Amino acid sequence: MQDRKKHSIWDQYRYTFHYMREKTGVFSLAVCAGDAVLSIMLPFLEAALAGVVAACLVSSGPAGQILAMAAGYIILLQTVRFLQSHVRQLRVKLLFLFRGKMGPELDKKSLEMDGQSLESTQGQQKRRAASRNLYSGNEQGIEAFAAGFWDILIHFGGLVVYGVIVGRYSLLLLLLLTLQTMCTAWFHSLAGKREYKMEEEARENLNGLMYLKRESIAPGNGKDIRLYRMDRWFLGEFHEWIGKVTALIDKGTTAVTAAGIAGAALAFIRNAAVYGWLIMEMAKGNLTLPVFLLYVGIVAGVEIWMNGLFDALQQSYVNKKIMDDYRDFMEYGVLKEDGEETLKNPGSIHEIRLEHICFRYGGSDADTIHDLNLTIRPGERLALVGLNGAGKTTLIKLLCGIYRPTQGKIYLDGQDMDTLTRKEVFKEFSVVFQDVFAFSFPLAENVSCLGTGQEDKKRLRESLEKAGLWEKAASLPKGPDTAMNKDLDEEGVSLSGGELQKLMLARALYKDAPTVILDEPAAALDPIAESEMYEKYDAMLQAKTGIFISHRLSSTRFCDRILFMEKGRIVEEGDHEYLMKQDGAYARMFALQARYYRKKREEERIYE
C-alpha cells in the first residue's frame, strides 16, 4: 500500500502494551509474565526428569529416600504443568478480551474522521487493511502480535537457559548448536518474507474474487445475469481469479516447505554429530548416565525452542506489518483539528458565505470546485442545477462540513467554519442525499437517529405526518418501532423507493436544522413528479434556508435564485425568468429538456 507509515517493532510493542494496560489492566501483563516464567521452567523440568530419576536410582541412599526424592520431583513437575496450563488459558482469554476492547477504537475512528478521507479510494483501502488488525481472528493482528512478544521471550529465554547448561559442559557443543540455529533462522526468514509477499498479492486478488461473489448473488443483478447469460462470464472470471490466488499461495507455501526441508537436513546433521559425541563421551567415562540423559533432553529441547523462536519471530514480522496498517489508518485523515469556538447563533437561519473555494479530491490532478464565491442569504430558496458531474454534491458536502476546502474559507454568520467543531456545524444542516436508504434499525430510530425510547414521540409523529409516512408507519406490525429490512430482525420490513424518500424527509424534519438541503432525492421520478415533490418540500420548510439540487431545470423554477454549474464553477445566476431572458447555457438546456420531455409524453400517449 502506498504512503503507509511504518513504525519500529519496539514502538509497536510499546503501543500494544500501553493499550493492553489501559484496556485490561496491569493484571493482564502480570499473567503474561507469569506464563513466560512457567513456560520456560516446564520444558526444562520435563527434559531433566529422566536424568533425575536415573540419578535417584543409581544413588546409594535408602529406598525410601530415593522414592521420596523421585516423588517430590514429579509432584513439582505436575504442579508447574498444572499452573502453566491454567495461566496459559488465562493469557489467551485476556489477550482475546484486549483485542475485543480495541474494536471500538477503530469504529470510532471510522465514524468520526472527515468524510473526504474515508470516502476516498485510499481511505477505503486503508480502512480494509486496518480491520485485519482486529477482525481476522486471534491468529492475526494485535492479539497475535502481543502473544508473539511473550512467545519470543519464552523461546529466547529457554534457549538461553539451555545454552548456559550446554556451554558449561562444552563451548564447542554450544557453538555447533548456535551455528545450526543461525542457518535455520536465515532459511526461515527468507521463506517468511516470500510467503508474506505472496499472501499480500493473494489478498489483493481476493478482493476481486469477493467482488465477483457479491455481484453474482446480489438480488438486483439476478435478472440481468440470467437474461443476458452472464453466468458464463462470471464462471470464467471465477476460475481466472481463483487460479491467481491459489498460484500465489502455492508460491508462498513452497518457500516455507523448502525452508523446512533445509532446516530438517541441518537438524539431522546436528543430531548425528551431537548424539554421537555424547555417546563417545559416556563410553570414555567422561559422562555419567544421569548427565548423559540430561544432555540428551537438553539437546532435543534446543531444537524445540529454536523452532518455536523462529515461528514467533516470523509471526511477529507479519503481524507488525498488520499493526503498521492499523496505525497508518488511525493516524490518517485528520486534515485539521476541530476548532474551539462556539457558534454565535445556533439553531437560527444563517448567512452562509463561501470565499474563493477550491476543492480537489485526493489523487486527482485537477480541482473539482474552482475558485467559487457565493453568499446564501438567511431563509433563501436556492437551487443548484446542472449536468451530472458539475460539482453540485461536492459543493453541498463542503457547505455542511463533511468536506473541507482545499483552499478558501466558508463562513456561518461571519464565523470561519474551521474555528468551529464539526459536531456544532453538523447540527445546523439537514441533508437528504440522492442515495436514499434505511438502516436496518427500527423506523423510529431511522427518523430520530436516537436509541429506542430516546426519541420525542410527538415530534416523531409530526415529522412522519408532514412527510406523508405516518399511515404507513402506524400500519406496520410494531408501528414505528418496526425494524427496517431483515439484516438484524427477521420480522423487519422493506420500504418502497417512494416511501424511503419520505423517510429521509421525515428525518430532516425531525432534526429541525435551520438549513435543509435536498440533493436530488427524487431523481428516479419523472420531471413532473420531481417538481411537485420539490414544491411540496418547499412548503414544509417554513422559516428555514432551503437548497435544492437537480439536473432537471424545471424542478426548481420556484426558487428565489438558481445557480447553474458547469465543471465546478457557477456560470450563470438568477431566477428562472432572468436566466431564460439571458438565453445562455441555462436557457438552452431548459429548452432541450423541455423538447425531450414533450416528445416522450407524446410517445406515451400514442401507446396508451
Side-chain angles (χ1 to χ4, degrees), residues 9-10 12-50 52 71-107 131-162 188 192 297-298 300-323 326:
I9 193 164
W10 299 114
Q12 292 291 24
Y13 283 135
R14 181 200 59 77
Y15 178 90
T16 299
F17 292 119
H18 165 76
Y19 277 101
M20 187 173 176
R21 185 175 66 253
E22 179 181 293
K23 301 295 183 183
T24 57
V26 177
F27 174 70
S28 61
L29 297 177
V31 167
C32 291
D35 173 68
V37 173
L38 292 169
S39 296
I40 293 172
M41 288 177 58
L42 180 60
F44 176 75
L45 293 175
E46 290 174 336
L49 176 61
V52 170
Y73 189 87
I74 292 173
I75 290 172
L76 174 63
L77 174 61
Q78 290 301 112
T79 301
V80 173
R81 182 177 288 155
F82 173 83
L83 289 174
Q84 191 274 337
S85 174
H86 284 75
V87 172
R88 173 56 62 90
Q89 290 179 4
L90 184 57
R91 187 192 91 163
V92 170
K93 174 184 174 182
L94 289 171
L95 290 177
F96 172 76
L97 292 175
F98 162 57
R99 176 166 65 91
K101 290 181 179 181
M102 287 293 290
E105 298 287 333
L106 177 62
D107 298 329
S131 67
R132 291 173 56 201
N133 192 47
L134 302 177
Y135 300 125
S136 295
N138 54 11
E139 297 298 326
Q140 285 189 356
I142 196 167
E143 180 182 351
F145 186 69
F149 171 82
W150 298 106
D151 289 340
I152 290 171
L153 191 63
I154 289 167
H155 291 97
F156 181 75
L159 277 175
V160 169
V161 171
Y162 280 34
H188 280 268
I298 292 294
V302 167
E303 182 174 8
I304 295 172
W305 288 125
M306 181 182 62
N307 290 335
L309 180 61
F310 293 154
D311 289 341
L313 287 171
Q314 179 58 33
Q315 288 304 310
S316 290
Y317 170 80
V318 172
N319 288 305
K320 186 262 182 187
K321 290 182 175 292
I322 296 175
M323 287 284 295
Y326 175 78

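Remember, it's a predicted structure, so these values are computed and weren't measured experimentally. The analysis underlying the following values was restricted to heavy atoms, covering all of them including side chains, and did not include hydrogens, waters or symmetry mates.
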Heavy atoms only: give me the nearest [X]-[Y] pair and the separation to one decimal.
| X | Y | value |
| --- | --- | --- |
| Ile9 | Lys320 | N-CE, 4.0 Å |
| Asp107 | Tyr135 | OD2-OH, 3.3 Å |
| Ile154 | Ala36 | CG1-CA, 3.5 Å |
| Gly34 | Val87 | C-CG1, 4.3 Å |
| Ala146 | Leu95 | CB-CD2, 3.8 Å |
| Ile40 | Val161 | CG2-CG2, 4.2 Å |

**Item:** Identified side-chain contact (heavy atoms from CB on, under 4.5 Å) counterpart of Asn133 within the set Asn319, Leu106, Ile322
**Value:**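 Exactly one option meets the side-chain contact (heavy atoms from CB on, under 4.5 Å) with Asn133, and it is Ile322.
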Any residue meeting ring-ring contact (aromatic ring centres under 6.0 Å, His included) with [X], in chain and number order, not counting sequence neighbours:
| X | result |
| --- | --- |
| Phe145 | Tyr13 |
| Phe17 | Phe149, Trp150 |
| Phe82 | His86 |

May I ask you to test the [X]-[Y] pair for a side-chain heavy-atom distance under 4.5 Å?
| X | Y | answer |
| --- | --- | --- |
| Leu77 | Leu42 | yes |
| Glu143 | Met102 | no |
| Phe27 | Leu90 | yes |

Nearest 0.5 Å, what's the [atom1]-[atom2] distance between [X] and [Y]?
| X | Y | atom1 | atom2 | result |
| --- | --- | --- | --- | --- |
| Ile142 | Met20 | CD1 | CE | 9.5 Å |
| Arg21 | Thr16 | CZ | OG1 | 12.0 Å |
| Lys321 | Ser316 | NZ | OG | 13.0 Å |

**Prompt:** Counting only heavy atoms not in Tyr73, do more than 12 fall under 6.0 Å of its OH?
**Reply:**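 Counting other residues, nucleotides and ligands, OH of Tyr73 exceeds 12 neighbours.
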**Message:** By the side-chain hydrogen bond (donor to acceptor under 3.5 Å, both in side chains) test, which pairs, at least two apart or in different chains, include something from residues 22-33?
**Reply:**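 Listed by first then second residue: Lys23-Glu105, Thr24-Ser28.
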**Request:** Go through the structure and list residues passing side-chain hydrogen bond (donor to acceptor under 3.5 Å, both in side chains) with Gln84, not counting sequence neighbours.
**Result:**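 Expected list: Ser39.
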**Request:** Please identify each residue that fulfils salt bridge (charged side-chain N to carboxylate O under 4.0 Å, His left out) with Arg91, with sequence neighbours left out.
**Result:**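 Arg91 satisfies salt bridge (charged side-chain N to carboxylate O under 4.0 Å, His left out) with Asp35, Asp151 once adjacent residues are dropped.
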**Item:** Short side-chain to backbone donor-acceptor contact, Arg99 and Leu134, under 3.5 Å
**Value:**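 Yes: the side chain of Arg99 pairs with the backbone of Leu134.
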